[in-house]
Asks: 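After the structure tokens below, expect a handful of questions from me.
The first residue in the sequence is number 1, and the count goes up from there.
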Amino acid sequence: MATDKTDAVRTAYLEGRSIAALARDHGVSRGAIRTAVADLMPDHNGIAQEGTPALELPVS
């Protein structure tokens, strides 16, 4: 996604626009929108803290 659109996308996301709607509006994939707003998403925890063990995936 072009960096000049990133601020507008981030602002719209914070105002409640959905990722799908933003992707349609800007003609990009939902993944591109998620990348642009990744640090704003509720599950984002940034860089792992030193001493914090990495999460393990379940073995099936």
Side-chain angles (χ1 to χ4, degrees):
M1 160 165 264
T3 55
D4 60 329
K5 291 184 179 183
T6 302
D7 288 336
V9 166
R10 292 169 61 85
T11 300
Y13 179 78
L14 288 172
E15 291 173 349
R17 293 291 312 244
S18 71
I19 289 174
L22 289 167
R24 281 191 306 271
D25 292 348
H26 294 278
V28 297
S29 69
R30 289 178 302 210
I33 299 297
R34 283 189 203 98
T35 299
V37 300
D39 61 321
L40 304 174
M41 297 177 86
D43 293 338
H44 179 77
N45 61 1
I47 299 172
Q49 299 294 321
E50 188 174 326
T52 303
L55 296 175
E56 294 184 24
L57 297 175
V59 177
S60 54

Asks: Might you point out which heavy atoms bring Leu40 and Arg10 nearest each other, and give the distance in Å?
Replies: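 Leu40 and Arg10 have their closest heavy atoms at CD2-NH2, 3.7 Å.
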
Asks: I need the minimum non-hydrogen distance between Ser18 and Ala21, along with the two atoms involved.
Replies: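 Heavy atoms of Ser18 and Ala21 come nearest at OG-N, 3.0 Å.
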
Asks: With the side chain counted from C-beta on, respond yes when Leu22 and Lys5 share a heavy-atom pair under 4.5 Å apart, and no when they do not.
Replies: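 Answer no - side chains too far apart.
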
Asks: Between Arg34 and Ile19, which heavy-atom pair has the shortest distance, and what is it?
Replies: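 Closest approach of Arg34 to Ile19: CG-CD1, 3.7 Å.
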
